[in-house]
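What follows is a set of notes on a single structure, which appears directly below.
Computed from a predicted structure; not experimentally measured.
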Amino acid sequence: MSSAASAIKAAEAALDKGDYSLCIRIIDPLLLTYSSATSTGAQLRLLKVTACMGKGDEHNAIDICKELINNKEATIRQHVKQLLSILEA
């Protein structure tokens with residue numbers, strides 16, 4: 001398993017426990033390595049959006065969603081549009 005895959009699992013586990021700050025601390029260093037244009041980079045950013053929402057940091061979550069809105073993967077774009085509709089409501 002790659003370091004990114006194990007970090008994603010750890011970040012998901014932190015989210016499951018409601019430890020949003022830990023999730024963000026796990027993800028942030030990887031964001032420098034994985035562009036939002038990559039599948040892994042998009043997945044990491046979606047996890048961070050969820051953690052930001054959990055912390056009540058809607059502004060940061062919206063900024064990340066806007067970064068992903070033109071992602072090449074249709075499923076990512078659709079997910080981001082749904083999240084933005086919630087965040088901007």
Taking all heavy atoms of [X] and all of [Y], pick out the closest pair and write down the distance.
{"X": "Ala11", "Y": "Leu47", "answer": "CB-CD1, 4.2 Å"}
{"X": "Tyr20", "Y": "Ala51", "answer": "CB-O, 3.5 Å"}
{"X": "Cys65", "Y": "Leu87", "answer": "SG-CD1, 4.1 Å"}
{"X": "Cys23", "Y": "Leu15", "answer": "SG-CG, 3.7 Å"}
{"X": "Ile26", "Y": "Ala7", "answer": "CG2-O, 3.5 Å"}
{"X": "Lys72", "Y": "Ala37", "answer": "CE-O, 3.4 Å"}

With side chains defined as the heavy atoms from C-beta onward, is the minimum distance between [X] and [Y] less than 4.5 Å?
{"X": "Lys66", "Y": "Val80", "result": "no"}
{"X": "Cys52", "Y": "Lys48", "result": "yes"}
{"X": "Glu12", "Y": "Gln43", "result": "yes"}
{"X": "Ile27", "Y": "Ile8", "result": "no"}
{"X": "Leu68", "Y": "Ile64", "result": "yes"}

Verify, without hydrogens or angle tests, whether [X] (side chain) and [Y] (backbone) share a donor-acceptor contact under 3.5 angstrom.
{"X": "Arg77", "Y": "Ile69", "result": "no"}
{"X": "Asn71", "Y": "Ala42", "result": "no"}
{"X": "Arg45", "Y": "Thr40", "result": "no"}

Find the distance between [atom1] ([X]) and [atom2] ([Y]) and round it off to the nearest 0.5 Å.
{"X": "Met53", "Y": "Asn60", "atom1": "CE", "atom2": "CG", "result": "12.5 Å"}
{"X": "Leu31", "Y": "Glu67", "atom1": "CG", "atom2": "CD", "result": "8.0 Å"}
{"X": "Leu46", "Y": "Ile76", "atom1": "CG", "atom2": "CD1", "result": "5.0 Å"}

Does a sphere of radius 6.0 Å around CD in Gln78 hold more than 12 heavy atoms from other residues, nucleotides or ligands, not counting ones at 6.0 Å or beyond?
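Atom CD in Gln78 is not crowded, with 12 or fewer foreign heavy atoms closer than 6.0 Å.
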Same cluster for Ile24 and Leu22 if Ile/Leu/Val/Met/Phe/Trp/Tyr side chains link at under 4.5 Å?
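Per the 4.5 Å side-chain linkage, Ile24 and Leu22 are not co-clustered.
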